[in-house]
Number of protein chains: 2
Amino acid sequence: MSEPELRLDAYLPYRLSVASNAVSGLIARSYQDRFGLSVPQWRLICVLAEDDGLTQGQLVARTVMDKVTVSRAAQGLLKRHLVARSDHQADGRSHVLALTHEGQGLHAEIAPLALAYEAALISGLAPDEVALLKRLLGRLQTAAGQLAGDTPG
Amino acid sequence: MSEPELRLDAYLPYRLSVASNAVSGLIARSYQDRFGLSVPQWRLICVLAEDDGLTQGQLVARTVMDKVTVSRAAQGLLKRHLVARSDHQADGRSHVLALTHEGQGLHAEIAPLALAYEAALISGLAPDEVALLKRLLGRLQTAAGQLAGDTPG
DNA sequence: GTGAATTAGTTTCATATGATACCAAAAGCC
DNA sequence: GGCTTTTGGTATCATATGAAACTAATTCAC
């Protein structure tokens, strides 16, 4: 007995999705309005600022985005001269992306805003709660990845 | 000094989005493959199973989805005779939605699967960790809502 | 070396999403 | 009663997304 009750607002995947949508929507709107950047574009800038000279394939791995998404984001940034492309030394199919000076400037401008958003979002939480939250999110992600691989039942 | 470093994989909104996408993708694929249901459709079924006889407006509030999304999901469910519509007693614009017998059957079939997914996802976590996670997600959601209202910056 | 199978990246296409405009019913206002 | 404003829901449109097909370059097998 005791049917294990399924209530939507207690259902973790739902809660996760709603929270993520709220946060992503906030951030996406902000970057779009202020800098004309999509979230994928911003992610590329962010990764390239950490670690310059990556191929799109590497960016796919780093950002957990689809390669089509990365391709389009890169094209947009190219058009705005925020990143530059150079031929890959050893692989003629591949190109190496790097931030231009202008791209670096934009990153320097946005990064504090991004951090301010994060700070505002977690302002009610204790530092150890934040750390735990990040760890739990990582676990969920890997669990989902494993389940997606198997034939879950 | 000490620029407060922005690393993408330590950035909470990013982590949240990636985790949510992984989980949502897993669930969405499963419901689509097995039952031909979209996530919005499933959410409506779920809410209507909890609490029958709601208008679309009420469903919008309950599911935190756009009214267009709810409208379309409802139409899909109507076409498959999983929900039924009756005129609203007091408001001629509005309709009342309720699960059909068939819809209830489908819900009874999916609910255990949904709970199994949740159980699998959190299988590595302690119960109090899960509780905390849900609470923190709620806090993030409300914080994002507040920030979206203000002019943050 | 030559040819088959992979891989990096783009293009194409089909679908999902939400902003906006829209229609009809309801509520306020006088 | 008439008139405007608001609200429930739908239709239209413009954009975002990813799956699949495709191109070109690379690797592997031999």
Side-chain angles (χ1 to χ4, degrees), chain A residues 17-18 20-22 24-33 36-44 48 53-79 83-98 145 148, chain B residues 17-18 20-33 36-44 48 53-79 83-98 148:
Chain A
S17 170
V18 169
S20 175
N21 285 347
S24 289
L26 172 70
I27 304 241
R29 215 169 308 120
S30 161
Y31 293 172
Q32 185 63 57
D33 292 349
L37 289 180
S38 68
V39 167
Q41 287 174 340
W42 159 247
R43 285 186 184 174
L44 292 197
L48 289 173
L54 300 175
T55 65
Q56 292 187 190
Q58 292 172 315
L59 288 167
V60 165
R62 290 281 205 96
T63 59
V64 199
M65 298 191 296
D66 191 83
K67 67 179 184 171
V68 179
T69 306
V70 169
S71 174
R72 282 193 276 240
Q75 283 173 22
L77 296 176
L78 271 173
K79 229 166 274 166
V83 307
R85 244 185 177 177
S86 50
D87 292 347
H88 191 287
Q89 185 115 32
D91 191 334
R93 298 164 297 181
S94 198
H95 306 275
V96 173
L97 300 181
Chain B
S17 170
V18 169
S20 174
N21 285 347
V23 170
S24 288
L26 172 71
I27 304 242
R29 213 167 311 120
S30 160
Y31 292 173
Q32 186 61 60
D33 292 350
L37 288 180
S38 68
V39 167
Q41 286 174 341
W42 160 246
R43 285 186 183 174
L44 292 196
L48 288 173
L54 301 175
T55 66
Q56 292 188 190
Q58 292 170 315
L59 288 167
V60 165
R62 290 284 204 97
T63 58
V64 198
M65 298 191 297
D66 191 83
K67 68 179 184 170
V68 179
T69 306
V70 168
S71 174
R72 282 193 277 241
Q75 283 172 22
L77 296 176
L78 271 172
K79 231 167 273 166
V83 307
R85 245 185 177 176
S86 50
D87 291 347
H88 190 287
Q89 186 114 31
D91 190 333
R93 297 166 296 182
S94 197
H95 305 275
V96 173
L97 300 181

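A note on names: the letters A, B, ... follow the listed sequences, proteins ahead of strands, and every chain is numbered from 1.
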- With distance as the sole criterion, do the side chain of A:Arg72 and the base of C:dG9 form a donor-acceptor contact below 3.5 Å? no

- Message: Less than 3.5 Å apart, any donor N or O on the side chain of B:Arg43 or A:Ser17 sitting next to an acceptor on the other?
- Response: yes

- Task: Please check the phosphate of C:dT11 (OP1 and OP2 only) for any side-chain N or O of A:Gln75 closer than 4.0 Å.
- Result: yes

- Note: A:Thr55 and A:Ser94 closest approach over all heavy atoms is CG2-OG, 3.4 Å

- When rounded to the nearest 0.5 angstrom, what is the spacing between CG in A:Leu37 and CG in A:Leu77? 7.0 Å

- Nearest 0.5 Å, what's the OG1-CG distance between B:Thr69 and B:Leu44?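 Going from the OG1 atom of B:Thr69 to the CG atom of B:Leu44 covers 9.5 Å.
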
Which nucleotide in [options] has an atom nearest any side-chain atom of [X]:
| X | options | value |
| --- | --- | --- |
| A:Gln56 | C:dT10, C:dA8, C:dT7 | C:dT10 |
| A:Arg85 | C:dG9, C:dT12, C:dG18 | C:dG9 |
| A:Ser94 | C:dA24, C:dA8, C:dT10 | C:dA8 |
| B:Pro40 | C:dT17, C:dT12, C:dG18 | C:dT17 |

Send over the distance from [X] [atom1] to [N] [atom2], rounded to a whole Å.
| X | N | atom1 | atom2 | value |
| --- | --- | --- | --- | --- |
| B:Asp91 | C:dA26 | CG | C1' | 6 Å |
| A:Leu54 | C:dG9 | CG | C1' | 16 Å |
| A:His95 | C:dA8 | NE2 | P | 13 Å |
| A:Leu77 | C:dT10 | CG | C1' | 16 Å |
| B:Asp66 | C:dT20 | CG | P | 11 Å |

- 5'-most by nearest nucleotide on DNA chain D - A:Lys67 or A:Gly92: A:Lys67

- Message: Reading DNA chain D from 5' to 3', where do the contacts with chain A start and stop? Cut-off is 4.0 Å to heavy atoms.
- Response: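 Extent of the interface on DNA chain D: D:dT17 to D:dT26.
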
So what does [X] hit on the nucleic acid, given a heavy-atom distance under 4.0 Å: a base, only sugar-phosphate, or nothing?
| X | result |
| --- | --- |
| A:Ser38 | nothing |
| B:Ala74 | nothing |
| B:His88 | nothing |

Is it the case that the side chain of [X] and the backbone of [Y] share a donor-acceptor pair, with hydrogens and angles ignored and the cut-off at 3.5 Å?
| X | Y | result |
| --- | --- | --- |
| B:Ser24 | B:Ser20 | yes |
| A:Thr63 | A:Leu59 | yes |
| B:Ser30 | B:Leu26 | no |

